[in-house]
Every structure is written in C-alpha cells, then in structure tokens.
Amino acid sequence: MKRFISEEIILNSLEQNIFIKDINSVYLFANDAYASLVHQEVNSIIGKSDYDFFPKDIADKYRKDDRFIIENEEVIDIKESILVDNEYRKIKTIKKPLYEDGKVIAVLGIFWDVTESEKEQESLKKLEYGLNKAQELANIGHWELDLLENKLFWSDEVYRIFGLEPQEFGATYEAFLEYIHPDDKDLVNKVYTESVKIKQGYNVTHRIIRKNGEIGFVEERCVHELDKENNVIRSIGTVHDITERKKAENELSLAYNVFAKMHDGIIITDAQQNIISVNEAFTKISGYQADEIIGKRPSVLSSGWHDEQFYKGVWEKVNNRAQWEGEIVDRKKNGETYIAELKILPIFNNDDILTNYIAITSDISRKKEQEKLIHNLAYFDSLTDLPNKILFEERVTSRIPVMKRIDKKMAIMFIDIDNFKNINDTLGHSIGDHFLIEVSKRIKKILREQDTLARLGGDEFTILIENFESIDKVAYIAQKIVQVFKEPLQIEGQTIFSGVSLGISVYPDDGTTYYELIKAADMAMYQVKDFGKRNYKFYTPSMNESIVKRMNIENNLHNAIKNKEFFLEYQPKVDTKNNNVYGMEALIRWEQPQEGLIRPDEFISIAEDTGQIYDIGLWVFEQAVSDLTEFHKAGKKLIVSINISSKQLENIKFSDDICEIVNKFDIEKKYIDLEITESHIMNNIEEALSILDNLHNLGFKISIDDFGTGYSSLSYLKKLPAQTIKIDRSFVLDIEKDEDDRSIVASIIAMTNALGKDVIAEGSETQGHVDTLKSLECYKIQGYFFSKPLRIKAFSEYLKAFSA
Ligand code: C2E
Ligand code: CA
Ligand code: CA
C-alpha cells in the first residue's frame, strides 16, 4: 500500500495525463494532470465514463478505441489533434491493455500535450532550412571544428562549395586540408594553427580543389570558442565561395591590361561623348596626355578634312546601335594630320541603356604610304610612270557602268610605235627606253588632264578618252598624235624618225567590256599597220573578219612548206620587138586544204611580219631555179624573175643561201632576175644599195618592181645596180585614156633609156595597152594580154604554141 501511494504521488507529479479504465471504460484511476485537464476532481472522475466529461461523438470514439485495445490486445500510439478549451491541441496518446493473470483487465492511457514542442521543432526545422538556403544563396557555408574530438562539421553549402557529398568527406581537419590547393595548403594550415595559438579569429582567402578537379576561390573567416581555462575547444567559421568574383576580377584586369597595352589607341567617352579615358597607345598616336584630353570631346581631334555631312553619317550609324568603321583624317596635338583607321562602338549596359562610346583608332599613315608604294609598283609602269595594263583595265572597267548610267560614249585608243623594235635593236636599250619616255611625254601634251594614258608594255600605249563633244573630237586627237610623231625625236644626240599606228574603239558601239574594246582598238591599229602605218583608224566590224582571217593564215602558214601546199605559176615576159618569150615571172600560189587557193597578196605580208617569208622565199627560189634548169636542158634559154621581199634581203644569210641553191643546179646566175619593189628599196636606201650591189656582183640580175610608186629620185636610180625597170601596173591600166599616166610612163622610159637600163611594163591586158606601150618605145611587155600566170606544164605548152 505504501508503495502504491508513493507511486500515486509520482504519477500525480508528472505533467503527462494518465488514466486507467476498466474493460467497460469506467475510470479506475486518473492523475492530477488529467483531472485538471477535464476540469474535475480526481475523486469525481473515478467510477465515471467519458460520456460524463466529453460530447457524445468524442466519447463514442474513445469507447471504440478502448474496445479495440481490449479485444485485439494492441497498443495505440498516436498523435492527434483534439479540442481542448475550444482550441485544437496536438496530443500524443499511448493507450495499452493492462493484464492480470494473462487476461486484459483494464486500459492504461497516457497522453500529453505536444503542441508547443512540435511548434518548436517546426521552427527549428524552418530555421535550419532557411539557414541552408541563405548559405546556398550567399555561397557561404559554415563549419565547426570540435578540437577535443577533432570532429569537423560542414553545412550543406560547404559540401556544395567543395563539390563533395557528406559520406565522401572524412570530417576531420586533416581531411579538410586535403582539398586545399597544394600551393595554399601551408598558408591555410599556418594561419589556422597560429590563430588557435593566439586564440584569435582570422580571415584568409585561398584556393581549393573541388572533387571534379576544378579550382575554386574561397574566403574563410573563423572565430574560436574558449572554455573556462581559456583553452580553445571549438572553432566556428564560414567559407565564402568567391570563385565567380575572382573570375570577374581576373577578366576585368585582363580587359584593363588589353586596354592599357593595346597597340591601337582607345578612347572611351560617356554617353554625352565626353572623353573619360584614353590608353597609352592613344597618347602616343595623338600626342595628347590623358589629363589633357579627358573631359573634352573627340572633336578636338578633327582635322578639318571632313565635312559636317561626314561626321553626321558616322554618328547616325553609331546611334543606330551599329558600329562605324572607316578611315578618318585626324589632327595630332602638334597640328600634324594623320590617317586613322577608326572604329566606334556604342556600349549598352544590362538594362540596354547607352552608357559609353568606345573608339578604337590606329595611325595608318605609314601603312597608307606603303600601300601607295605597293599600289604604284603594281599599277604604274616604272619606266614612264604611266598607269600600266592592270590599272588601265581597272579604269576602263570601272567607267563602263558609269557610261551606261549617264548614257555617254568613251573612246579607247591603241597606239603602236611603228619601228620601235628597229630603234631598240640598232640604237640600244638605253636609247629605246629614253625614246619611250619621250613618246609618253609627247602624247601626254596632246591629251587633257582627265584622259588616261597608259603603257600596256613594250611600245604599246593606250588612251582612255571620256567626255568628248563628238567623235570628231576623238579623231582630232588621234590626228594630232599621228602628226606629232611625224616630227623626229632627239634622243641622246640621235635624230630618230618614227611614227605611230593608232586604232580607236568606242564604247558602246564597238564593245561593252574592256576586252572587247581593247581588242577592237587593237584590230583597228593593225589595219593601220597593214595600210602603210603612220595613221589612225576607227574600228569597223569588217576588221574583225579580216583579223580572224589573218590569224588563220598565220597559223596555217606554219605547216605550208612541210605539207607541200605551195606551188608556182609562171607568167611569160614577151619581147614584142622580135615576138619572143624571153622570160617568165615566178608567182607563188598556196593551196590551203581548208581555205582553198590563197592569193599571195593575202599571205605574203603576213609571212613578212612573222618572218616566215624567209623560208618561203628560199622554197620559191629553189623551185624556180629547178624549173628553169629543166627549160634550159630542153634548150629554152629563158630568164626567170623571182620576187624578193625586203625582209629576205635584210637577212645577212640571204646571198649565201641563194648561191648555195644555185650551185646545186647547172645554171648561170645571169639567168636569174631578182624582182625587188621600188618602195622597199627606198625605205632604207643605203643599206639596200649595198645588198643589191653584192647580189649584182655575184652575177644575179636585178629588176625594180612596181616602179613609179616609190618616189625614187633620179640620183638614186642611177646608183641602183638594176638592169631592168618594171613599170607598175597602175600606170598601164588607163594608159590609153589618161594623159598623165601616159606622160609618166613616157618619162620613165626616157629616164631608163638615158641610164642605159631595160624597161618592161606589167599588167598589159589589151591590144590597146600593148600598142600604146609600143608607141612609147616600151617593147618588153607582161600581162594577161599574152597570158595569165600558168602552172609549169601549161606554161611549157604555151611556149610551144607561142613560137609556133
Ligand atoms: P607582182 O610582183 O607585181 O606580180 C604581178 C602580179 O600581177 C601577179 O599577181 C600577177 O598575177 C598579176 N598580173 C599579171 N598580169 C596581170 C594583168 O594583166 N592584169 C592584172 N590585173 N594583174 C596581172 P599575183 O600572182 O597575185 O601576185 C601578187 C603579188 O604577190 C606580186 O606582185 C608579188 O609582189 C607578190 N608575190 C607573188 N609571188 C611571190 C613570191 O614568190 N615571193 C614574193 N616575195 N612575193 C611574191
Ligand atoms: Ca613581180
Ligand atoms: Ca608588180
């Protein structure tokens, strides 16, 4: 009993509410706490049931619970909210059966109010969560080191900072040291141990190595907790992850270094275009020190080179959020101007508000100079300083769209110096160069400032002429150029006679591209050359055909000898005094497989230009001498006349080569008559004289062909070692009707008689021609009247018939 009482006292002293009910849910016991909870005296509870204290629905529930415990012999351990004094309280309830002799005899209930403690726990949890979140947001974690047990606590954020999971971490001071950057480990260890020694907190910034190997920066702060004996028992600290800040700082210092050390000058202005910063390169370029220019506007640099419109354009672009880039002429502090390559960028902050302008500038004056030099080398002819082929092409090409737009014409002139090769070869390159310089000066004088004269190379010059009132004006300029070269040039004491051939093409009539235009002008120039040089011609479409033809001939000529495409025809020379064929003229024919028969007039001059005439001439010579030998063998002692071009004569091997041929045959040289045109001889009379003298001395006969067209003077004619003068066909054609022609022929005949030379007339087509010539005492006659040129077989038949 005593013991029971003491138990009752104990139970009553507890805060927990305790009751015991019998198997019919009648209270057997209640402690003080329970009694006060239900606002009853302990004694008035005993013997009562829940229906006496609670509303029926609640009492029903308690009754049901009791039955469940008794019948199932189970324990109920629950937390529930119940209404106490009109307030819901969180109640923890344990109800269990009580046994006697193995039988359930009662229900014991213990319950207590956990409302407050639950709340406390909740707010603690919240606090912890909040702290965690705050640490995460601030990148600050905290730690505590228990020095007595060497136990290191890390908050979640510290784990995050080190990139570790709690289970991976040893949670000791030494484990912590492992994750410190090797270079910082000593520092951190020293700072910590020192601070423990002096019992004072510290700050340290160091690097860590995260689990994934990344390097991070942290800032640590630490304080110590001391015991009563003033020993450090615990360290509490924070770890602040400052990696991002460090990165930004590094970037910033990098950016600053770039700014400061950059080779290009940099100017930074505020939004109002006041200069707020410049770098060293800028002070070097401009000569302004930073403090002299900060606060000023960039316009202090303007040189006056650009107009308002220019600057307006710049700022318009920049204010449209674009960057401006270009070249600008600025002025240095000392007044000098310089060409700057400039870039201006507007800078916007994160809120997209314009905050600054940055101008990047570099002095490119030197670069410009070099560019100009290179440009000059690339685009100008070093000898004459004229634009070269490339620049000329560029100019013409760039003008074409302009002409098209304004619907205007322009003219291209192609000029070739008539005998430049000769000048160069005979007088030397120095005079040749000097000559070209003089040529360019002469032409330049005639042109206007805006016309472009270029040297394409060699002795070829081109001119671009725009803005002319009429084509007549172009013709006038061309005429003047041709005229001015009829005057000799004085070069290094030498008098040089020259001349130009000039071809003209007109945009858009003759071509719409550079190549078409230059080709047309070139063709026109070639035509001038073919028609005796020292003149100008406008391009005509027919030139195109003749040039193509010419090129074909040139190409085909290469194989003509080898392919045996040439043959000879012979035209008889008749002596009307004794009615006798005394000679024959060899005339070349070309049977070209594709083109058919080509007349010598069409290909001889080309062969002369290309030099092929020399070999062709030798072939003619050998064939003619060979045929002649056959006639002689057959008893017909004819003379053969062979046409010789001046180009053949100019070759120093000529006389040797023909002598060698003659030696192959059994024939005397006096039966071989070399026909040389008068105009060829007159071109270079002294040289011709010595060559002809040589041939004459070797025993050849010489005739002056086409006489009357070359303006020979009597004095030269006297000197010429020619036996025969051949009156040109053009005088014979109208000899019956034309008084003038007749008197010319008469005087030629008189002259040759006086000089003791023979005379023959070519191109006699009619009886009338023959009669008139005879009446003028010209008895040797050649022409269609007697026979057209004939192939060798037909010719020998003609011979037989003639003498019969
Ligand atoms: P050329 O030396 O004046 O030759 C005479 C030309 O007059 C020949 O023309 C001949 O066929 C033509 N002819 C002859 N009789 C008459 C006539 O009664 N009336 C007319 N209208 N013409 C007549 P072809 O054969 O066409 O030769 C033309 C020119 O080609 C020659 O003129 C000559 O300068 C040159 N040539 C011809 N063969 C040779 C050659 O083997 N070597 C060289 N270097 N030139 C040649
Ligand atoms: Ca002839
Ligand atoms: Ca002739």
Side-chain angles (χ1 to χ4, degrees), residues 530 553 557 560-561 565-574 581 583-591 597-628 639-651 654 657-658 661 672-681 701-710 722-736 759-770 772-773 778 780-792 794-795 798:
D530 271 3
I553 287 174
L557 267 179
I561 294 181
E565 290 165 11
F566 293 125
F567 64 91
L568 294 181
E569 282 186 343
Y570 294 99
Q571 189 178 35
K573 293 185 169 187
V574 177
V581 175
M584 57 182 189
E585 180 177 4
L587 293 159
I588 192 169
R589 302 290 177 256
W590 181 16
E591 181 71 52
L597 190 69
I598 303 174
R599 309 283 312 175
D601 284 335
E602 290 180 63
F603 69 85
I604 291 293
S605 69
I606 297 170
E608 283 176 343
D609 285 350
T610 61
Q612 288 159 313
I613 189 68
Y614 191 76
D615 290 336
I616 294 172
L618 288 183
W619 177 87
V620 170
F621 190 88
E622 177 151 8
Q623 187 60 49
V625 173
S626 159
D627 288 342
L628 179 75
I639 289 175
V640 71
S641 294
I642 301 171
N643 293 288
I644 305 294
S645 150
S646 63
K647 288 272 150 35
Q648 291 169 266
L649 290 182
E650 280 166 13
N651 192 318
F654 181 67
D657 284 345
I658 59 173
I661 291 169
I672 301 167
D673 174 39
L674 306 177
E675 281 194 11
I676 295 149
T677 55
E678 183 197 17
S679 57
H680 282 163
I681 297 167
K701 289 228 154 57
I702 290 166
S703 290
I704 308 300
D705 206 353
D706 301 344
F707 194 85
T709 58
Q723 287 75 45
T724 309
I725 302 295
K726 196 171 190 180
I727 299 172
D728 190 66
R729 191 163 80 228
S730 58
F731 299 107
V732 176
L733 193 63
D734 292 327
I735 197 165
E736 290 163 279
V759 66
I760 180 171
E762 63 176 5
S764 306
E765 296 181 355
T766 62
Q767 185 72 57
H769 286 157
V770 174
T772 314
L773 285 165
C778 175
K780 290 183 173 158
I781 294 173
Q782 188 185 342
Y784 292 170
F785 177 74
F786 293 108
S787 171
K788 291 204 163 184
L790 301 167
R791 298 195 75 149
I792 179 80
F795 183 80
Y798 176 85

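Each ligand, and each atom within it, is numbered from 1 in the order the structure gives.
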> Tell me, which N, O or S atom in Asp705 is closest to the Ca ion (ligand 2)?
Replying inline: OD2
>> In the structure I gave you, are the side-chain heavy atoms of Asn651 and Tyr614 within less than 4.5 Å of one another anywhere?
In response: yes
>> How wide is the angle at the Ca ion (ligand 2) spanned by Glu585 OE2 and Asn643 OD1, rounded to 10 degrees?
In response: 90°
> If you measure from the Lys or Arg side-chain nitrogens to the Asp or Glu carboxylate oxygens, is any gap between Asp673 and Lys573 under 4.0 Å?
Replying inline: yes
>> I want to check a possible cation-pi pair here: Arg589 against Phe566, using under 6.0 Å from ring centre and within 45° of the ring axis as the test.
In response: no
> Do the side chain of Tyr798 and the main chain of Phe786 share a donor and acceptor less than 3.5 angstrom apart?
Replying inline: yes
>> With a heavy-atom distance limit of 4.0 Å, tell me whether Lys788 approaches ligand 1 through its side chain, its backbone, both, or neither.
In response: neither
> If you measure only the distance, is there a donor-acceptor pair under 3.5 Å linking the side chains of Ser645 and Glu608?
Replying inline: yes
>> Can you give me the closest heavy-atom contact between Phe621 and Ile661, atom names plus distance?
In response: CD2-CG2, 3.8 Å
> Between Gln571 and Lys788, is there a donor-acceptor pair closer than 3.5 Å when you use the side chain of the first and the backbone of the second?
Replying inline: no
> Of the choices Trp619, Tyr784, Phe785, which has the non-hydrogen atom that lies closest to atom 13 (N) of ligand 1?
Replying inline: Tyr784
>> Within the structure provided, determine whether Lys780 and Leu773 are in side-chain contact (heavy-atom separation under 4.5 Å).
In response: no
> For atom 9 (O) of ligand 1, which candidate among Glu569, Glu585, Arg599 holds the nearest heavy atom?
Replying inline: Arg599
>> Please report whether ligand 1 has a polar contact with Ile644, defined as an N or O pair separated by less than 3.5 Å (distance criterion only).
In response: no
> Backbone N or O of Leu733 within a donor-acceptor pair of the His769 side chain at under 3.5 Å?
Replying inline: yes
>> Counting only heavy atoms closer than 4.0 Å, does ligand 1 sit against the backbone of Ile616, its side chain, both, or neither?
In response: neither
>> Among Val732, Ile676, Leu587, which one puts a heavy atom closest to atom 4 (O) of ligand 1?
In response: Leu587
>> Out of all atoms in ligand 1, which are within 4.0 Å of some heavy atom of Asp706? Include the element for each.
In response: 3 (O)
>> Looking at ligand 1, would Gly617 count as a contact under a 4.0 Å heavy-atom criterion?
In response: no
> Considering only heavy atoms of Asp601, which atoms of ligand 1 have at least one such atom less than 4.0 Å away?
Replying inline: 28 (C), 29 (C), 30 (O)
>> Under a 4.0 angstrom heavy-atom cut-off, which atoms of ligand 1 come close to Glu765?
In response: 17 (C), 18 (O), 19 (N), 20 (C), 21 (N)
>> Is there a salt bridge (charged side-chain N to carboxylate O under 4.0 Å, His left out) between Lys726 and Glu585? Walk through the geometry before answering.
In response: CA-CA 12 Å; Lys726 196 171 190 180; Glu585 180 177 4; 2.7 Å; yes
> When you check the gap from the basic side-chain N to the acidic O, do Glu765 and Arg729 get nearer than 4.0 Å?
Replying inline: no
> Can you tell which of Glu762, Lys647, Arg729 gets a heavy atom nearest to atom 7 (O) of ligand 1?
Replying inline: Arg729
>> Within the structure, is a non-hydrogen atom of Lys726 found at a distance of less than 4.0 Å from ligand 1?
In response: no
>> As an exercise, identify every atom of ligand 1 less than 4.0 angstrom from a heavy atom of Gly783.
In response: 15 (N), 18 (O)
>> Between Phe731 and Asp706, is there a side-chain heavy-atom distance shorter than 4.5 Å?
In response: no
> Nearest to the Ca ion (ligand 2), which N, O or S atom of Glu675 do we find?
Replying inline: OE1
>> Please classify the Val620 to ligand 1 contact at 4.0 Å (heavy-atom distances, strictly less than): side chain, backbone, both or neither.
In response: side chain
>> Quick test of your reading of the structure: of Ile604, Asn643, Leu568, whose heavy atom lies closest to atom 33 (C) of ligand 1?
In response: Asn643
> Near the Ca ion (ligand 2), is there an N/O/S atom from Asp706 that is less than 3.0 Å away?
Replying inline: no
